[in-house]
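Structure first, then comments.
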2 protein chains.
Amino acid sequence: MNTQPVFEYLQDLQNRIVEAVQMVDGKHFLHDSWQRPEGGGGTSCMLEEGNVFERAGIGFSHVMGSKLPPSASAAHPEAAGRAWEAMGVSLVFHPRNPYVPTVHMNVRFFVAKAPNGSQDADIWWFGGGMDLTPYYGFEEDAVHFHRTCRDALDAYGKELYPQFKKECDEYFYLKHRKEPRGIGGIFFDDFNQLGFEQSFAMLKSVGDAFINAYLPIVQRRKDTPYGERERDFQAYRRGRYVEFNLVYDRGTLFGLQSNGRTESILLSMPPIVKWRYDWQPAEGSAEAKLYSDFLTARDWLGQR
Amino acid sequence: MNTQPVFEYLQDLQNRIVEAVQMVDGKHFLHDSWQRPEGGGGTSCMLEEGNVFERAGIGFSHVMGSKLPPSASAAHPEAAGRAWEAMGVSLVFHPRNPYVPTVHMNVRFFVAKAPNGSQDADIWWFGGGMDLTPYYGFEEDAVHFHRTCRDALDAYGKELYPQFKKECDEYFYLKHRKEPRGIGGIFFDDFNQLGFEQSFAMLKSVGDAFINAYLPIVQRRKDTPYGERERDFQAYRRGRYVEFNLVYDRGTLFGLQSNGRTESILLSMPPIVKWRYDWQPAEGSAEAKLYSDFLTARDWLGQR
């Protein structure tokens, strides 16, 4: 299996997103390349204290090994012991203005190679998705984000968006708070059912859709006036992001436990976070509306 | 087994610590009592935006059940299925002044009761400890804290302090950062080797020592002048506290996974936290000194 086209696509995607975000922010990303002692490496791009983004991280990584540990894939026990290769782009952008939502996107590819000279096939799959975490919700933004996700998927099967949306709602859920992390989006893993070419095309469609899914929302909200109250609520809600990523997120936990590069894994952490004891929004407030109208796993696109 | 004396000791300890801290801070704790649907409850005491403490939480809980899940105790598989009772006091105090260290203390008791009419004995143990997390280190404070811990233990066996200090250094360690959480202290679990009366006496000695171990350090440092630089470093270092508690701390993870009371479990979270990409202290700075001289699992009391 030739993994080069996926490698090239992912590197290019990172560059395109970096450039698009720089255009909006005005400040440039820092590029930090790193090597992994066991094989491979990556580039972490980071923008801190920008004009629009308070902390925006996007990482590309391409790592490999000669022997896949049995624990690495519960879904594919037959891949254990094989040479493997994993690559992906992952990002989390934390805006400064509390009216701009935080966003996460990830596209990744994994392959466990058939032993040389064997008749077996390579085992491979794609994974990824994107999801939005507003502090102050806007239906218009939620619909736009979900519609862009749906439009990216529809050409590959009308069943994909509803299925990936459901997986997203289930995955980005804080059990200990009984709360979704945000308004969802799409999430998929272990995807290979369309064959390599079409599955890869679907991944590209998702990756390519990111800029259109998110940046129009940033443009629309980034100059909304705000004060200390909104900043405080944003910092408080970012605590949920930290709780999700450190307690539940598989990629984060796997990275930290498997001796990954800590600063690249924790690109996702917000710049400033606050915790308050048993804080509740005032009834009828804009903050209460986030909980009642947005953190509810809604069907944003209605009947199809 | 009569658990009432432990219950009374722990409740009283919480009250004594609340009163001592209020004397230092000038602001009063909020008292919040809660019930657990499956049995038991507790009281969380919280001081936020105080004069000395930015966020100080101390919780007492007493919970019970009729059937201990097998997963609850790897060390005592024979306790599975028994009626059980657990109680404890746990605290984390986050001071405002970056020259005052953050502190954690916990004392707890667990009993799995022998079935009625059986010849078996109750299975029980004590656990707990305290540890200190400075932002700017002072040898004098570290020695005082460790000496107070040692003095609390020596009457129960000279081997206890070295053993509990080592367990503390091993437990409060961030593997993904290759960094201790702070300057340690003492940590013990599954402790019953002195028999009930003496083991309980040791627990009381540790609990009683807390105020003397910590408050003199607070008094000594709380009026040290500081600026934005020190506050920034404090907020950055508090990120490590969050990472430890959400990624590694057994009590926190068990609580969150077992449907515990989230706000009481997350009393330990700092009030304001910052993450920065790949931040490093300037060579020779006061911040660098924390890493080189304090986060090193040192023997603070020298040869004995």
Side-chain angles (χ1 to χ4, degrees), chain A residues 29-32 34 44-49 54-59 92 94 174-179 231-232 235-236 238-249 252-280, chain B residues 29-32 34 44-49 54-59 92 94 174-179 231-232 235-236 238-249 252-280:
Chain A
F29 279 79
L30 169 105
H31 292 242
D32 200 0
W34 49 273
S44 298
C45 297
M46 202 74 207
L47 193 165
E48 289 185 308
E49 297 187 15
E54 200 170 355
R55 191 165 201 252
I58 173 167
V92 173
H94 292 286
L174 288 90
K175 291 183 206 74
H176 66 284
R177 299 280 188 185
K178 297 186 173 55
E179 237 179 64
R231 275 290 279 177
D232 245 28
Y236 173 78
R238 282 171 173 170
R240 302 292 209 270
Y241 219 81
V242 173
E243 291 173 22
F244 182 85
N245 286 11
L246 295 183
V247 176
Y248 300 108
D249 188 63
T252 303
L253 294 179
F254 176 78
L256 295 180
Q257 285 159 6
S258 65
N259 206 19
R261 185 171 182 270
T262 295
E263 289 294 335
S264 297
I265 298 162
L266 298 182
L267 283 184
S268 62
M269 292 291 110
I272 306 181
V273 187
K274 294 183 181 178
W275 273 272
R276 288 297 302 267
Y277 180 74
D278 206 17
W279 185 87
Q280 306 289 345
Chain B
F29 279 78
L30 169 106
H31 292 241
D32 200 0
W34 49 273
S44 298
C45 298
M46 202 73 203
L47 192 166
E48 289 186 308
E49 296 187 15
E54 201 170 356
R55 190 165 201 252
I58 173 166
V92 174
H94 292 287
L174 289 89
K175 290 183 207 73
H176 66 285
R177 298 281 189 184
K178 299 186 174 54
E179 237 179 63
R231 276 290 278 177
D232 246 26
Y236 173 78
R238 281 170 173 170
R240 303 293 209 271
Y241 219 81
V242 172
E243 291 174 22
F244 182 86
N245 285 13
L246 295 183
V247 176
Y248 300 109
D249 188 63
T252 303
L253 295 178
F254 176 79
L256 295 179
Q257 286 159 6
S258 66
N259 206 18
R261 185 173 183 270
T262 294
E263 290 294 336
S264 297
I265 298 162
L266 297 183
L267 284 183
S268 63
M269 291 292 109
I272 307 181
V273 187
K274 294 183 180 177
W275 273 271
R276 287 298 301 269
Y277 180 74
D278 206 19
W279 185 87
Q280 305 290 344

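Every chain is numbered from 1, with letters handed out A, B, ... down the list of sequences. What you see is a predicted model; the values in this text were computed from it and never measured.
Ranking Met46(B), Arg177(B), Glu48(B) against chain A, the residue ahead of the rest is Glu48(B), based on heavy-atom pairs under 4.5 Å.
For Arg55(A), the part lying near chain B is the side chain, with the backbone staying farther off; criterion is any non-hydrogen pair under 4.5 Å. Contact annotation for Asp278(A): both backbone and side-chain heavy atoms come within less than 4.5 Å of a heavy atom of chain B. Leu174(A) does not touch chain B: none of its heavy atoms, backbone or side chain, sits under 4.5 Å away. Heavy-atom distances place no part of Arg238(A) under 4.5 Å from chain B, backbone and side chain included.
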Q: Step by step, work out the side chain to side chain contact (heavy atoms under 4.5 Å, CB included) result for Arg261(B) and Ser44(B).
A: CA-CA 10 Å; Arg261(B) 185 173 183 270; Ser44(B) 298; 3.8 Å; yes
Would you mind writing out the side-chain donor-acceptor pairs for residues 266-275 of chain A within the sub-3.5 Å range, not counting sequence neighbours?
| residue | atom | partner | partner atom | Å |
| --- | --- | --- | --- | --- |
| Ser268(A) | OG | Asn245(A) | ND2 | 3.1 |
| Lys274(A) | NZ | Asp232(A) | OD1 | 2.6 |
| Trp275(A) | NE1 | Glu243(A) | OE2 | 2.9 |

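Between Asp249(A) and Phe254(A) the shortest side-chain heavy-atom distance does not fall below 4.5 Å.
Ion pairing between Glu263(B) and Arg276(A) fails under the 4.0 Å rule for side-chain N and carboxylate O.
Checked against a 6.0 Å centroid threshold, the rings of Tyr248(A) and His176(A) count as neighbours.
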